[in-house]
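Worksheet: the structure to be examined is printed underneath.
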Protein chains: 2
Amino acid sequence: METVTTEEKIIRAADKLFTQKGYAATRTRDIAEEAGTNLALLNYYFGSKEKLFKYVVQGKLKMLLGAMGPALSDEHISLEDKISLITENYTNLLLENEELPIFILNELTVNRELFAKITQNTRQIAQPVLEKQLKERGVEISTTDLIINTLSMTLFPFIAKPLITSSGLVKEEEFVKFVTDRKKKIIEWIIKITI
Amino acid sequence: METVTTEEKIIRAADKLFTQKGYAATRTRDIAEEAGTNLALLNYYFGSKEKLFKYVVQGKLKMLLGAMGPALSDEHISLEDKISLITENYTNLLLENEELPIFILNELTVNRELFAKITQNTRQIAQPVLEKQLKERGVEISTTDLIINTLSMTLFPFIAKPLITSSGLVKEEEFVKFVTDRKKKIIEWIIKITI
DNA sequence: ATTTGATTTAATCATTTGTTTAAATTGAAA
DNA sequence: TTTCAATTTAAACAAATGATTAAATCAAAT
């Protein structure tokens, strides 16, 4: 049997509720109840709701950026394979964490300072390599447009899922197939655009 | 001089704060203060915080869908012009209302039922016309992919603006130029993909 | 000028919410 | 077994928050 410490139980409960409802709408009492512990333990272990939130957010953000960083900055991975890796990694990640992007982007809007440091690193390493690879190909598209187009087409269906499904564009039960099929298409589209 | 009723002042204040901070984080007292009125007037005119919120959301949602609906269902507008209209309309709309998409998508995640009715209409009218136009062209892409790709590339920069700017991909002061320049590019890209 | 209904104000209520406190319990070390 | 720190519990506190009330003010109609 796996033993889960009280601290870990609180983290998991907080993760679930914060991601689901956002910071402001989540009650410390609900976290405690979800964790099956006492309300006071939240402050005993983490000091405050806000500190617990930051802990959770840091983890989520690393998750989100971790799916992109390493692939981008490797010189030995071709442009095609990079696009491929990004769409593949993100699609898989978001299939397991559908609320992740909206959660991050929403809290990011309110709490911008919190994120600046973590995000900058990734780009500064990745961008020069990408630019070099694009130049070698004699491509007219900018690195920025390439990255944003890839992320757009990959992430948008997850971000806009409630709009897409409730409008009937894609049925709820077909969603997984829809984004899975898109993985291959996106690479083709990006290549058509880029070359 | 323009005369603004108290009711209108409350709506504008609520609009601003709800869009900026979301439902849960917005305090009725802040709305009253922002409107320059008394707290009790909010309940006098709208009954409750929730009713006021729904009023605001309905307006925002119509705004968002209104930028797409009419263009799509018109048989006399060519495919190119439709893509063109959507990116043009949305880019302009979101330049004036940058927080709009994240606000809608976030609240939509929590409050799904509220939106179902309004969104369904738009698609049911538009999709058949689009499908016909695509078939006439002998194009292999699906209507769904076409719509989602166009929306992705147009909306994503606004949705992910905090991530894009704080990561340094696009500088805050260059953002307007960036999305404005993208308008033309998106149309070219979509055509490359579609044809 | 008076009346009447709509609007506004100030004060208060009841509940929720994040946090703290002090006592109880547990479990390992001496 | 005793001791002692770490952990857990139950209760309470103070502030914040959505809502309500009753009185005051205003503006138009009579």
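These numbers come from the heavy atoms of this one structure, side chains and all, not from hydrogens, waters or symmetry mates. In what follows, chains are A, B, ... by sequence order, proteins preceding strands, each numbered from 1.
As judged by a 4.0 angstrom heavy-atom cut-off over every strand, B:T26 is placed among residues touching the sugar-phosphate backbone only. A:L42 comes within 4.0 angstrom of no nucleic acid atom, judged by non-hydrogen atoms across all strands.
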Using a cutoff of under 3.5 Å, can you pull out all pairs of nitrogen or oxygen atoms linking the protein to nucleotides 4-10 of chain D, with atom names and distances?
residue, atom, partner, partner atom, Å
D:dT7, OP2, A:Y44, OH, 3.1
D:dT8, OP1, A:T6, OG1, 2.8
D:dT8, OP2, A:T6, OG1, 3.3
D:dT8, OP2, A:Y45, OH, 2.7

Take B:T26 and B:D30 through the test side-chain hydrogen bond (donor to acceptor under 3.5 Å, both in side chains) and record every step on the way to the result. CA-CA 7 Å; B:T26 300; B:D30 295 339; over 6 Å; no
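Side-chain rings of B:F53 and B:F18 approach one another, their centers coming within less than 6.0 Å.
Among the candidates B:E34, B:Q20, B:K60, the single residue satisfying the side chain to side chain contact (heavy atoms under 4.5 Å, CB included) test with B:D15 is B:K60.
Taking the 5' to 3' direction, DNA chain C first and last meets chain A under 4.0 angstrom from a heavy atom at C:dT17 to C:dT21.
Taking atom CZ on A:R29 and atom C1' on D:dA16, their separation rounds to 13 Å, with Å as the unit. At whole-Å resolution of the value, CZ in B:F53 and P in D:dG18 are 13 Å apart.
Under 4.0 angstrom from either OP1 or OP2 of D:dT17 there lies at least one side-chain N or O belonging to B:R27.
Heavy atoms from other residues, nucleotides or ligands lying under 6.0 Å from CD of B:E173 number more than 12. Crowding of A:K16 atom NZ: a count of heavy atoms from other residues, nucleotides or ligands under 6.0 Å not exceeding 12.
With hydrogens and angles disregarded, no donor-acceptor distance shorter than 3.5 Å links the side chain of B:T37 to the backbone of B:E33.
Salt bridge annotation for A:D181-A:K177: present, with a cationic side-chain nitrogen under 4.0 angstrom from a carboxylate oxygen. B:E188 and B:K192 are not joined by a salt bridge, as no carboxylate oxygen comes within less than 4.0 angstrom of a charged side-chain nitrogen.
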